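Take a look at the structure set out below.
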Amino acid sequence: MIDVCDILDALRWHADVGCDEAIGDEPTDWAALTARPVGRAPSSGAPAAGAAPGTGMARGPSPTRAPAPAAPASARPAALFASPDQPLGASEAGIQARARAGEAQTLEALEAALRSFDGCPLKATAMNTVFADGNPQAPVMLIGEAPGEDEDRQGKPFVGVSGKLLDRMLAQIGLDRGKVYISNILPWRPPGNRSPTQAEVAACLPFLERHVELVRPKLLVALGGVSAKTLLNRAEGITRLRGQWKTYEVAGTAIPLMPMLHPAYLLRNPIAKREAWRDMLALQQRIGEEGIKYSQD
Ligand code: URA
């Protein structure tokens with residue numbers, strides 16, 4: 001007979017390690033799958049190669065299938081994922097991501113390439129791929145860290161509580177989602193909203209870099225430390241980086257970038273809204289200096 005306290009302890013332990021949401025009816029033993037020799041067909045309940053989350057992956061037993069042909073060396077999962085402390089861009093996944101992202105000539109093609117990319121293990125636990133929201137023709141592009149729970153459910157960036165605050169901050173300087181474009185460093189939610197690892201960022205960054213290249217905004221805003229440090233390749237924290245215009249280089253073009261405090265941080269530290277307000281005013285001023293005109297103005 002199982003003790004109810006043991007069940008509660010087990011639930012608490014799962015929540016603590018980030019398993020706060022059931023995404024399938026049956027559990028999947030990811031450790032056993034990783035150990036599976038390459039080329040062997042997945043056992044019942046294993047994801048089909050290339051299957052995207054939200055399209056049936058890990059949501060129940062797969063139909064019986066013939067053994068898959070051996071994967072090419074370049075697609076072997078064991079070599080695909082970088083170790084957590086590997087430098088950005090050094091992983092096999094990062095190299096594959098760069099090649100796939102580089103082929104995309106439009107945002108639609110880039111989104112499709114991202115959705116079919118299996119080089120980041122976060123995809124397996126996320127419900128949705130969160131690509132972008134807002135107006136891709138907008139002169140201002142904001143880049144956050146990673147989807148949270150609400151974003152993962154809805155498939156759009158910044159739609160939860162921090163997104164509501166972001167909308168209010170933008171409204172204070174006359175902006176809204178029709179006048180900006182929003183994406184994240186990572187398109188998949190880290191379980192339990194934990195911080196992303198270096199390896200996860202390395203695997204996904206080429207897509208974001210190509211994203212910026214295709215959109216070519218006039219101004220960039222990095223929301224939070226992970227975004228600012230990644231885009232600027234800097235080690236300092238956001239409280240040091242914020243509030244000063246920096247430069248993001250993309251394909252020979254220098255785009256002014258303003259690092260700002262993340263809205264989620266502002267919700268936890270309302271006193272810091274003073275600094276955030278200053279940064280929003282700096283953004284507004286720069287929009288004027290760049291001669292950016294919105295059609296409704
Ligand atoms: N936090 C982020 O950094 N991005 C989102 O999309 C939501 C919350």
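If you read the sequence from its start, that first residue is 1, and numbering goes on from there. In each ligand, atom 1 is the first atom listed, and ligand 1 is the first ligand listed. Treat the numbers as computed from the prediction; the structure is a model and nothing was measured.
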**Request:** Give the atoms of ligand 1, by number and element, whose distance to some non-hydrogen atom of Gly144 is under 4.0 Å.
**Result:** 3 (O)

**Request:** Evaluate whether atom NZ of Lys218 has more than 12 neighbouring non-hydrogen atoms of other residues, nucleotides or ligands under 6.0 angstrom away.
**Result:** no

**Asked** Backbone, side chain, both or neither: what part of Pro263 comes under 4.0 angstrom of ligand 1, heavy atoms only?
**Response** neither

**Message:** As an exercise, identify every atom of ligand 1 less than 4.0 angstrom from a heavy atom of Ser162.
**Reply:** 8 (C)

**Asked** Salt bridge between Arg194 and Glu200, side-chain N to carboxylate O under 4.0 Å?
**Response** yes

**Prompt:** Less than 3.5 Å between some nitrogen or oxygen of His262 and one of ligand 1, yes or no?
**Reply:** yes

**Asked** Numbering the atoms of ligand 1 from 1, which are under 4.0 Å from a heavy atom of Glu145?
**Response** 2 (C), 3 (O)

**Prompt:** Charged N to carboxylate O below 4.0 Å: is that the case for Glu103 and Arg100?
**Reply:** no

**Neighbour count above 12 (heavy atom, 6.0 Å) for Lys229 NZ** = yes

**Prompt:** Considering only the protein, which heavy-atom contact is closest to atom 2 (C) of ligand 1, and what is its distance?
**Reply:** Ala146 O, 3.1 Å

**Complete:** Contact region, Pro157 to ligand 1, non-hydrogen atoms below 4.0 Å, reads both

**Request:** Please indicate whether any nitrogen or oxygen in Asn184 is less than 3.5 Å from any nitrogen or oxygen in ligand 1.
**Result:** yes

**Prompt:** Would you say Val215 and Tyr181 make side-chain contact, with heavy atoms under 4.5 Å?
**Reply:** yes

**Request:** Please state whether the rings of Phe207 and Phe117 are parallel, tilted or perpendicular, taking 30° and 60° as the class boundaries.
**Result:** tilted

